Amino acid sequence: MTIAMPDDFHVHLRDGVMLEGIVSHTAASFARAIVMPNLKPPIATTEEARLYRDRILAVAPGFTPLMTLYLTDRTVPDEVNRAKDSGFIHGIKLYPSGATTNSESGVHDLEKLYPVLARMEQMDLPLLVHGEVTDTSVDVFDREKVFLDRHLKQLPRTFPGLRIVFEHITTREAASFVMQSPKNVAATITPHHLLLNRNSMFRGGIRPHNYCLPVLKREEDRVALLDAATSGNQKFFAGTDSAPHERSTKENSCGCAGIYNAHAAVELYAEAFEEVGKLDRLESFLSHHGADFYKLPRNKSTIRLAKKTQTVPDYYDFGGQKVVPMRAGETISWSIERDS
């Protein structure tokens with residue numbers, strides 16, 4: 001099966017010694033990727049994004065990183081202008097403070113940043129949303145739904161011209177909200193949320209490498225996401241949320257969140273679409289919908305998928321740091337055919 005080269009509209013590439021190996025996996029299957037800014041310190045200015053982009057291009061010159069900024073309580077409207085004028089920044093990411101990895105610098109009160117959102121609307125720079133509340137009184141499995149009810153539903157009404165991406169959605173409520181919203185509201189869906197449910201974290205014991213944020217949800221939510229992804233609806237597109245963490249930080253008394261899937265993300269998406277007999281819609285989800293929403297040209301190069309089983313290594317070594325990938329030691333039923 002030959003499809004247009006996909007794009008990943010949500011990925012964590014990290015930095016430093018891990019960067020080259022991680023980028024190589026993403027660049028092997030995706031022409032472009034929206035790069036998350038939650039480094040330490042965060043990528044909060046246009047100049048910081050330029051320097052990070054230079055580091056990525058130095059190890060993957062044929063790959064196109066689509067940079068983002070980290071929205072903080074100190075972000076000012078003029079930074080939006082600088083970001084838009086740069087030509088290489090394609091969105092600003094909202095992390096509620098404390099919601100996920102390296103989100104401590106995130107937003108505490110979104111309404112105080114409405115002047116920034118208004119400038120984003122004016123400059124047509126998308127808002128990328130990690131949609132979870134951080135209130136500890138809210139059950140972890142309900143945090144996306146509560147964020148949707150408390151905050152996200154009002155944004156399209158307040159800023160009707162603002163393009164919004166509801167990132168890595170995990171619930172049927174989120175899928176329904178995106179479907180019913182105006183055309184400027186879209187969503188990314190990960191391969192792990194299409195293939196796993198919350199039982200996957202507890203099968204035979206605690207499975208720390210299946211722990212991610214937003215956390216895996218019920219089977220009915222997985223089915224709803226699969227229906228949305230394979231529906232042909234242009235509002236839904238690929239965003240892997242591939243998030244590498246060193247093995248010791250996952251297998252820990254307080255393990256961190258994140259699933260690494262960049263080694264075989266396209267193949268895992270193919271498995272999910274094949275499950276419901278919708279392989280004919282895989283190309284649009286991977287290669288067309290996201291590019292169209294971000295107002296980018298569709299890729300002209302192609303990639304070939306074959307129904308050929310591959311076995312996933314137990315771990316990858318990135319600069320001396322071991323990262324356990326999704327399906328470690330197991331098989332995936334699809335492979336990418338590469339020219340010899």
Side-chain angles (χ1 to χ4, degrees), residues 8 10-30 33 35-43 52 55-56 59-60 63 95 98-104 130 132 140 167-168 170 190-217 239-269 271 309-336:
D8 184 351
H10 183 117
V11 71
H12 299 269
L13 298 180
R14 306 302 188 218
D15 205 353
V17 296
M18 298 180 77
L19 179 63
E20 182 173 2
I22 291 166
V23 172
S24 69
H25 275 170
T26 294
S29 301
F30 296 96
V35 180
M36 291 296 104
N38 58 330
L39 304 183
K40 282 190 173 181
I43 304 299
Y52 185 27
R55 296 194 295 275
I56 295 169
V59 297
F63 173 68
Y95 290 105
T100 189
T101 304
N102 298 345
S103 62
E104 296 81 5
H130 181 114
E132 290 188 290
V140 67
E167 302 270 36
H168 43 53
T170 65
T190 76
H192 44 279
H193 288 107
L194 292 178
L195 292 167
L196 305 175
N197 61 32
R198 65 187 190 181
N199 289 338
S200 304
M201 292 186 291
F202 307 109
R203 191 169 289 117
I206 297 294
R207 302 281 182 169
H209 298 287
N210 286 339
Y211 170 52
C212 57
L213 288 174
V215 71
L216 299 169
K217 302 300 194 301
T240 66
D241 194 21
S242 180
H245 291 277
E246 211 279 332
R247 182 173 188 166
S248 64
T249 65
K250 293 286 290 181
E251 300 173 4
N252 194 287
S253 60
C254 185
C256 59
I259 291 177
Y260 184 70
N261 59 43
H263 62 294
V266 171
E267 300 96 307
L268 290 165
Y269 278 124
E271 275 198 358
T309 299
Q310 61 170 297
T311 300
V312 179
D314 291 333
Y315 64 86
Y316 289 99
D317 190 317
F318 296 131
Q321 299 190 49
K322 294 181 174 64
V323 173
V324 178
M326 186 173 172
R327 293 273 183 88
E330 301 175 12
T331 60
I332 298 173
S333 59
W334 287 85
S335 298
I336 294 176

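Just so it is clear, the structure is predicted and the values come from calculations on it, not from any experiment. Just so it is clear, the values below take in all heavy atoms, side chains as well, and ignore hydrogens, waters and symmetry mates.
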> For the residue pair P214 and H193, what are the closest heavy atoms and their distance?
O-NE2, 3.1 Å
> Between the side chain of E271 and the main-chain N/O of S333, is any donor-acceptor distance below 3.5 Å?
yes
> Specify the closest pair of heavy atoms between N252 and T249, including all atoms of both residues, with the distance to one decimal.
CB-O, 3.8 Å
> Under 4.5 Å between any side-chain heavy atoms of H25 and H263, yes or no?
yes
> Treating K250 as the side-chain partner and C256 as the backbone partner, does any N or O pair qualify as donor plus acceptor under 3.5 Å?
yes
> Test H209 against every option in H245, R247, E251 by the side-chain hydrogen bond (donor to acceptor under 3.5 Å, both in side chains) rule and name the one that passes.
E251
> So, taking the atom named CG in L39 and the one named OH in Y52, what distance separates them when rounded to the nearest 0.5 Å?
4.5 Å
> Are any non-hydrogen side-chain atoms of S200 and L216 less than 4.5 angstrom apart?
yes
> For the atom pair CD1 (I22) and OG (S242), what is the distance rounded to the nearest 0.5 Å?
8.0 Å
> Do you see a donor-acceptor pair shorter than 3.5 Å between the side chains of H192 and R327?
no
> Please work out which of the three classes, parallel, tilted or perpendicular, describes the rings of H10 and H12, given edges at 30° and 60°.
perpendicular
> If I take atom OH from residue Y260 and atom CG from residue D241, how far apart are they, to the nearest 0.5 angstrom?
13.0 Å
> Does N210 reach the side chain of F202, with side-chain heavy atoms less than 4.5 Å apart?
no
> Look up atom CZ in R198 and atom NZ in K217, then write down how far apart they are to the nearest 0.5 Å.
9.5 Å
> I'd like to know if the side chain of N261 and the backbone of T240 have a donor-acceptor N/O pair within less than 3.5 Å.
yes
> Would you call T170 and V215 a side-chain contact if the rule is heavy atoms closer than 4.5 Å?
no
> State, to 0.1 Å, how close I56 and F63 come at their nearest heavy-atom pair, and which atoms those are.
CG2-CD2, 4.2 Å
> What's the shortest heavy-atom distance between L19 and R55, and which atoms?
CD2-O, 3.7 Å
> Would you say the side-chain atoms of R14 pair up with the backbone N or O of P244, donor to acceptor, closer than 3.5 Å?
yes
> Return the minimal non-hydrogen interatomic distance between M326 and L268, and the atom names on each side.
SD-CD1, 3.8 Å
> Show me the donor-acceptor pairs within less than 3.5 Å that the side chains of residues 309-322 make with the rest of the protein, sequence neighbours left out.
| residue | atom | partner | partner atom | Å |
| --- | --- | --- | --- | --- |
| Q310 | NE2 | E267 | OE2 | 3.0 |
| Q310 | NE2 | W334 | O | 2.9 |
| D317 | OD1 | G320 | N | 2.7 |

> Show your working on side-chain contact (heavy atoms from CB on, under 4.5 Å) between Y95 and M36 and close with a plain yes or no.
CA-CA 11 Å; Y95 290 105; M36 291 296 104; 3.7 Å; yes
> I want to check something: taking the side chain as every heavy atom from C-beta on, are Y211 and I206 in contact at a cut-off of under 4.5 Å?
no
